[in-house]
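The model shown is predicted, which means the values in this text are computed figures rather than measured ones. Residue numbers start from 1 in every chain, and the chains themselves are labelled A, B, ... in the order their sequence lines are given, proteins ahead of strands.
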Amino acid sequence: MSDTFIQSLQITALGMGLVFAAIILLWGLMAAMTALFRERESTPSPLAPLPKGEGEGKARAAAIAVAAALAVQRQSSARPLPEPPMAIVSAWQLGMRTRQMSQKGSMDKHR
Amino acid sequence: MSDTFIQSLQITALGMGLVFAAIILLWGLMAAMTALFRERESTPSPLAPLPKGEGEGKARAAAIAVAAALAVQRQSSARPLPEPPMAIVSAWQLGMRTRQMSQKGSMDKHR
Amino acid sequence: MSDTFIQSLQITALGMGLVFAAIILLWGLMAAMTALFRERESTPSPLAPLPKGEGEGKARAAAIAVAAALAVQRQSSARPLPEPPMAIVSAWQLGMRTRQMSQKGSMDKHR
Amino acid sequence: MDLTDLLAGFADFTWANALMLVIGGALIYLAVAKEYEPVLLLPIGFGCILANLGMSAYDEGSFLRVIYEAGIETELFPLLIFIGVGAMIDFRPLLAQPRMALLGAAGQFGIFGTLLLASALGFPLNEAASIGVIGAIDGPTAIFVTTKLAPHLLGPIAVAAYSYMSLIPIIQPPIMRLMTTRRERLIRMDYAPRPVSRLTVVAFPIVVTVIVSLIAPSAAPLIAALMLGNLLREALVVDRLSKAAQNEIINIATLFLGLAIGATMTAERFLYDPTTGIQWQTLMVLGLGLLAFIVDTVAGLLFGKLMAFATGGKVNPLIGACGISAFPMAGRLSAKMALEEDPDNFILMHAMGANTAGQLASVIAGGVLLAIVSGML
Amino acid sequence: MDLTDLLAGFADFTWANALMLVIGGALIYLAVAKEYEPVLLLPIGFGCILANLGMSAYDEGSFLRVIYEAGIETELFPLLIFIGVGAMIDFRPLLAQPRMALLGAAGQFGIFGTLLLASALGFPLNEAASIGVIGAIDGPTAIFVTTKLAPHLLGPIAVAAYSYMSLIPIIQPPIMRLMTTRRERLIRMDYAPRPVSRLTVVAFPIVVTVIVSLIAPSAAPLIAALMLGNLLREALVVDRLSKAAQNEIINIATLFLGLAIGATMTAERFLYDPTTGIQWQTLMVLGLGLLAFIVDTVAGLLFGKLMAFATGGKVNPLIGACGISAFPMAGRLSAKMALEEDPDNFILMHAMGANTAGQLASVIAGGVLLAIVSGML
Amino acid sequence: MDLTDLLAGFADFTWANALMLVIGGALIYLAVAKEYEPVLLLPIGFGCILANLGMSAYDEGSFLRVIYEAGIETELFPLLIFIGVGAMIDFRPLLAQPRMALLGAAGQFGIFGTLLLASALGFPLNEAASIGVIGAIDGPTAIFVTTKLAPHLLGPIAVAAYSYMSLIPIIQPPIMRLMTTRRERLIRMDYAPRPVSRLTVVAFPIVVTVIVSLIAPSAAPLIAALMLGNLLREALVVDRLSKAAQNEIINIATLFLGLAIGATMTAERFLYDPTTGIQWQTLMVLGLGLLAFIVDTVAGLLFGKLMAFATGGKVNPLIGACGISAFPMAGRLSAKMALEEDPDNFILMHAMGANTAGQLASVIAGGVLLAIVSGML
Ligand code: NA
Ligand code: NA
Ligand code: NA
């Protein structure tokens, strides 16, 4: 077997090992984050836990989730419409900073 | 006469010759292409051949063509409105590829 | 006192002097421009002079001015909406040049 | 008077160049008529045509060379594209079901399987690795890694990566049917996601950037660009930057990336080198690339079956097929397959979770591969 | 303390610079008040002002020099503009009546006529050719060719090209009336276009790119950029790229192209060189440029009359005037003239055919000129 | 096999880097949760994180270094941002009440006051001047000047400039209450503006560019960019260029400016240099920057009181606080304060006049400072 092929074998072993290591680490981190950073204000998330039903009840539940998920994508592509570019521009210069001035009190709500 | 002027004369002769040569070649190619690549599906082209009428009949026909031509320009400037940037964005990521999946059957219609 | 600090003192004196000099020069220029370049066609400017009233009359007047000023910002952020990018694009290629052709007579109105 | 400039056009034009024009035209045909990743294959095809008309990335003073140096050699284009892609990805389905991440790792076997085969076929390590990275099934990653290891292969590798990507709906289904039993495809999955707070979605891209940059520094720029885009998206307060990333930036980068890559597809590098003869490697790259897609899918499905077995039939192996990345097409395809078997079986959210994990894992795998190989060369 | 930096501003400022500020202001006036190609003349005028305030394209470390090197010396700006212009042109009227192409060729005589006159007036070949290319009546082509042959003339040539372009509606009509009889202007033309399939409009830009690149390699980048834009437009499947070309790309390129060209208009190059005295050449360039427009129109009309004669009065000579390019203004003007003579005489489609042909022929002529002259220098 | 590349990530990572990640995260927190100039602080924060993961502006081959060289060293980014800002500013309130300009000059004392203090604290002149320019309370100006005088301080100075800018509503009110009597805050101002013709608003940016470029050539590029944007806005005939300046150009420049500046915030330069120890200067810069804001406000108010006295109580001193620039926040804040004292007292138009004057004066002061210091070094 050529040296290159042996090297490739080493690369494969080491590489897939590292990929799995990294992904498992990320898994742990994601689990930790979702556990630690609980939603404070209860915005109706499209991914809110669903009632444990049975059979077609579960199916309906899932159907809702799917609809919700697709809705997210639609919404994300719909978002820009209400506020045209220029509006955002001024928002940057005027709007946003003004909002700051007026909202310094209620700022914590961003947290 | 200066050398430069003589050179310019050569350039003019050669240049205009080449320009006409190239344009005539393109003329032939365009004629060939329009002849070879016939419209398969009959989309109502704004440039569809017009009925051979006489006198003001011809004028009316031409008037329609003009209107159609202007319409093309209007339409080309109107096109973006229906689909906002973001929509196209998702189209790239989601829409288009999904369309592919669902349309693999009817793909020939693109030809 | 360190040399740097002494230099800084010089810089401060010279610098603030130049800043005031430049600004006073600009003041004069602005006064001159507004005086020389009088509005020819009377477009209702949001900053048109207001009637000299008294007390709350003045307040109302000022209130109007503020409203007008804010209106300017709104309008400037609203402007893009009527004409979508592409429309302007053609405007560049077609519209604007065509306008030129048809408006050569009434061109002075641009002045 | 010397007219060499005038005749240059015909003088340098060979039959191989003519053939390359046909290939460029074919790529444009796939883009326009078949809608195979048109935003990339059309510029690549047109760039390929220009490359064989004296405007290649290797011709001194060619404007495509300027673009190539500005965006490919600096590696900016793939990164700019990733900023835009990151701004289009919603990681909530993955954050809600973190264990789906495992499937993303499994979907990268194709990279290394192809690397092994390529080196067995005699490709030097840098080329073998570049070919393997087609198995990342992620255009920018493949281009980024290839630019560093074997830039002369950019053309065939990019063409393979993007054309097969749009063939996913044709390549995957038969493999999925072959490798899973009807009972497996009928498995329904509990959908009980954890709630995902705004803090989580905002912190996620930052955490991922830090972790991955430390574990696989070579992947750092890619993951950083992807996560920057995602942060712009989830921050909500920089809408104008997020939109710029998803529109101006990605559009311009995509157009010029495609042109610049096409501009590397000169006849002598892609088809026939007067000194070394026919470039069989191009065909081999295309063949091995297809294999990479298949191995990815097979490995993903096997891992899915393993998870189904390990969980006592609580995981539908079909979602194993979306670990390959190819976001979001692979994810939707798996969900579609499940629906075909049972119109009441909705696994889209699980599929998208595995699919986004595949996107992350692809970048990590690409970076790991780049780091190891760079260390060995 | 040394304050030379402070006084530098006044120290280097000459009466000639002051005059250049007036000229820059005049260009801005033409742009704002007269709407002469404002998107170009305004940036050029402002760039001219900056050039004479120490920010010229020749001042070391000037930001306009950075832009000049990035976009003009690399020739990227005119090409980027052409990508956008190509995405705005509809070639169907030409494809439907291919013979209109001939008028496009005829409309280029002005280029060579001006070249002859300029060389007779003692301009060296590279300058004479650059002046002649004003007759292409196409900004990007003129700038592209001048950048390669006589970059020091960029200012006057660009100013001439763009200001006369917007004077077309004033320059052409008298010539058209003078050179055509009322009977000729009354000629009606059959409108029997061939149907144009989608395959044709998609293949057209590719075919043109290949042919022109082989015949006139020097024109290749220009025609390639123009046709790339047109392909993006007609492909229909890459709408986001087509829009980027018609908006972001062309807008940004136009703004910075204008600034960079204005930045070359320093007093000593445009007006008065302390060593060589007044720059009469600037005035001559402006004069010869105007001539180029006239010769183009005359030649086009003569060829129109020839076609009218050859076809036994089936061609209205007015459409000869749109072969000069200046798309789409010249085309609309001819149609307007015909309508004025006879409100029932619609020749717009023929005019637009000849006009788009003029656009192609202008690029080809520019490239041919560039090739021949480069071969001679 | 050599895996140094693989372990590089951890090898070079120090506790100081870790601390910088926290600082970067804090900046992102301020941007997202507190909306402190998010379009700038978010990219700066993310760039800071990348800088400490091996992607700094000083790491050879880092993509952020490419961006840094392309946009910061060339000074293009702050200028491009100014083109966009200029297109967003309406100078009519100032043109209608030119005397408001004086308040703009007064609002620049903070620059020099801080310079004095910094040099007293032992900072070398170039660093002291860069710190002082934070008092311009104008991001692009501060970045432009610092890039030329002390680029190694870009990070802390940009962070100070932008975070304090968004703290204006917290920093200024107490000072305003402290330094003005209730009676002064109750002063109503006649509102009798001169009419402003279109010719005036179009000529204004050109005139300002010429005057300022002659008086303070070092400020020329900044003022030219700002006024170019304003001209695009007021010309009305180049809407597409004006929109490009306010969208594509400023968005892309802002994103990459932020990233590039964050990329200079490496641990050894911002926090702890292994050879020289802790970088106390960073803290001092942040402290002096805050002081600059306060001195600006105090000086502005004092000058406002002077004008009130000089005019016999016809000027409300509150508008003195908007001379500091920080457009348009400071202007609105003053008007808000007056309204709080008396719901019938509208001074917004006067405030905006002083505020826009502050914007101009800030650029002029920055340029003057740069010129003098460059002359001394
Ligand atoms: Na993958
Ligand atoms: Na022409
Ligand atoms: Na200030």
Side-chain angles (χ1 to χ4, degrees), chain E residues 1-13 17-18 21-22 24-25 28-43 45-47 49-50 52-55 59 61-67 69-70 84 244 246-256 258-259 263, chain F residues 70-71 73-80 82-83 144 148 198-199 202-203 205-207 209-225 227-229 231-232 234-245 247-249 251-252 367-368 370-377:
Chain E
M1 57 197 278
D2 168 11
L3 296 184
T4 42
D5 283 35
L6 257 183
L7 308 170
F10 286 103
D12 311 345
F13 194 73
N17 291 120
L21 298 190
V22 176
I28 294 174
Y29 170 81
L30 291 178
V32 177
K34 307 284 193 184
E35 291 193 22
Y36 286 2
E37 295 284 340
V39 290
L40 280 144
L41 287 192
L42 189 145
F46 199 80
I49 290 173
L50 300 188
N52 290 279
L53 293 168
M55 288 170 272
D59 289 312
S62 146
F63 77 101
L64 288 179
R65 186 201 179 90
V66 175
I67 294 173
E69 287 170 345
Q246 294 177 55
N247 294 287
E248 292 89 86
I249 294 175
I250 197 172
N251 289 348
I252 295 172
T254 303
L255 174 60
F256 292 130
L259 285 172
Chain F
E73 286 184 359
T74 63
E75 281 142 17
L76 277 186
F77 284 158
L79 297 177
L80 294 180
F82 252 14
I83 294 177
F144 185 87
K148 290 202 166 190
R198 181 169 173 221
L199 177 51
V202 171
I206 301 170
V207 171
T209 305
V210 175
I211 299 302
V212 175
S213 301
L214 288 175
I215 294 178
S218 306
L222 280 172
I223 207 74
M227 292 296 119
L228 168 61
L231 179 59
L232 294 179
E234 301 296 352
L236 301 185
V237 293
V238 289
D239 213 21
R240 65 199 333 264
L241 298 187
S242 171
K243 288 208 186 65
N247 293 286
E248 290 89 86
I249 294 176
N251 290 350
I252 295 172
V368 166
L370 180 56
I372 305 178
V373 172
S374 314
M376 285 179 162
L377 291 176

_Close side-chain approach of E:Leu259 and E:Phe63, heavy atoms under 4.5 Å_ = no
*Can you check whether F:Leu236 reaches F:Val202 side chain to side chain, under 4.5 Å on heavy atoms?*
no
*Kindly give the heavy-atom pair with the smallest separation between F:Ala216 and F:Gly367, and that separation in Å.*
CB-C, 4.5 Å
*Checking E:Leu64 against chain F: side chain, backbone, both or neither under 4.5 Å from a heavy atom?*
neither
*Between F:Leu241 and chain E, which part of the residue has a heavy atom less than 4.5 Å away: side chain, backbone, both or neither?*
side chain
_Do F:Ile249 and E:Leu255 make a side-chain contact, defined as non-hydrogen atoms from C-beta onward lying under 4.5 Å apart?_
yes
*Examine whether an atom of E:Ala70 lies under 4.5 Å from a heavy atom of chain F, and if so say whether it belongs to the side chain, the backbone or both; otherwise answer neither.*
neither
_Contact winner vs chain E - F:Ala244, F:Ala224, F:Pro205, heavy-atom pairs under 4.5 Å_ = F:Ala224
*Where on F:Leu377 is there a heavy atom nearer than 4.5 Å to chain E: the side chain, the backbone, both, or neither?*
neither
*If you look at every heavy atom in E:Leu53 and F:Val210, which pair is closest and at what distance?*
CD1-CA, 3.9 Å
